[in-house]
Amino acid sequence: MTDCQRLMDALGKGELPADLATHAASCPHCSAAVAAYRALEPKAGVTRRAPLALTSTLEHELARTAGTRARSALWEPLLLGVIQAAVAMGVVVFLGNNGRVLGNREPAVVLVVLGLALGACAVGGTLAAVAPGFPRLRWFLFGAAVSTAVLLGACGSGLPALKPFLVAGRTCASVELACAALPLGVTLWLQRRFAFDPLRAVLGSVAAAATGVFALHLHCPVGTADHLYAFHVAPWVLLGGLGLWIRSRLGSRSYAP
């Protein structure tokens, strides 16, 4: 052990031995450390302030939770992911069984790739938005959602609608908004566990809305770019902005980062 290490170990244990005091006088780093430590020591005649007493409410809360194991911070995000998957699959089955749509006519490869991308935006984005940490992953998933939205309208089958533009679009937009309502509401409620973060709020809202986009895109037979951008992508963007606006006005139960 060097003299510097011995001196650091001796601080706070009474007067320094003669050899260490001599070393401190000749070593600029140790001299600064000794001076800083002595500046922090209470001066003679100064009484230390008594620690603050716990309030009765805090004492009751500590007594109530004493000995209990903290619940994992990931169980709520996982529960939300299950809710999203259940909503998406339920709508897919409902639309298919009732014959309300003819089915997406995109090439199988395009349909699978976009379906996987939407699924990743929905579940992955939600988990990253409402779980602690993952700042870089949130940026990546937000970029993935933007890219998926652009490709969604550009990679359509090109088949026109059999109904007027607004009539066909109204049905798609309504389905998408209805599918997103429950996941978006739960996402905003869970985000109250954190301090308001615009990126977290936008990603959570976009991910929740992707649930409806996923269910709708698998079945919608209309493949023109104007329909897809106006009634698939635009409501998705609208829900992302709406979620950000609502979250900015909600209070927070905790201000953890």
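We use all heavy atoms of the structure for the numbers below, so side chains are in, but hydrogens, waters and symmetry mates are not. Worth saying up front: this structure is predicted, and the values here are computed from it rather than measured.
Once rounded to the nearest 0.5 Å, the distance linking NE2 of H217 with CG of L114 reads 4.5 Å. One finds the CH2 atom of W245 at 7.5 Å from the CG atom of L242 (value rounded to the nearest 0.5 Å). Of the inter-residue distances, the one linking S248 atom OG with D197 atom CG reads 12.5 Å to the nearest 0.5 angstrom. To the nearest 0.5 Å, the span separating CG on L151 from CG on L118 amounts to 10.0 Å. For the atom pair OG1 of T187 and CD of Q84, the computed distance is 6.0 Å after rounding to the nearest 0.5 Å. Rounded to the nearest 0.5 angstrom, L137 CG and L141 CG are separated by 4.5 Å.
Residues G223 and L228 come closest through the heavy atom pair O-CD1, 3.9 Å. Summarising the geometry of G212 relative to C179, their closest heavy-atom pair is CA-CB, 3.4 Å, with the distance given to 0.1 Å. Of all heavy-atom pairs between A209 and L239, the closest is CB-CD1, 3.5 Å. Closest of all the heavy-atom pairs between L188 and G243 is CD2-O, 3.6 Å. In this structure, F196 and R247 approach most closely via the heavy-atom pair CD1-CG, 3.7 Å. The two atoms that bring A173 and P235 nearest to each other are CB-CG, 4.2 Å, heavy atoms only.
With a 6.0 Å radius and a threshold of 12 heavy atoms from other residues, nucleotides or ligands, E15 has its CD atom at or below the threshold. Within 6.0 Å of CZ in R136 there are 12 or fewer heavy atoms belonging to other residues, nucleotides or ligands.
Side-chain heavy atoms closer than 4.5 Å link hydrophobic residues (I, L, V, M, F, W, Y) into clusters, and following such links, possibly through other members, connects V237 to L199. Cluster annotation: V82 is not connected to L184 through the hydrophobic network of ILVMFWY side chains, with a link wherever side-chain heavy atoms come within less than 4.5 Å. Hydrophobic clustering of Ile, Leu, Val, Met, Phe, Trp and Tyr side chains at less than 4.5 Å, counting indirect connections, keeps L116 apart from V113. Hydrophobic clustering, with ILVMFWY side chains joined whenever heavy atoms are under 4.5 angstrom apart, groups V186 together with L79. V233 and V146 end up in the same hydrophobic cluster when Ile, Leu, Val, Met, Phe, Trp and Tyr side chains are linked at under 4.5 Å.
Between the side chain of S31 and the backbone N or O of A25, no donor-acceptor pair lies under 3.5 Å. Judged by distance alone, the side chain of T22 and the main-chain N or O of A18 form a donor-acceptor pair under 3.5 Å. Not one N or O on the side chain of E176 forms a donor-acceptor pair closer than 3.5 Å with the backbone of L216. No side-chain donor-acceptor contact under 3.5 Å links Y229 to the backbone of T224.
Using a 4.5 Å heavy-atom cutoff, the side chains of V202 and L244 are in contact.
Under the 30°/60° scheme for interplanar angles, the aromatic rings of H227 and F231 are found to be tilted.
For residues 1-35, the set of pairs meeting the ring pair (Phe, Tyr, Trp, His ring centres under 6.0 Å) definition, not counting sequence neighbours, is empty.
Contact check on R6 versus D3 returns a salt bridge, with a Lys/Arg side-chain nitrogen under 4.0 Å from an Asp/Glu carboxylate oxygen.
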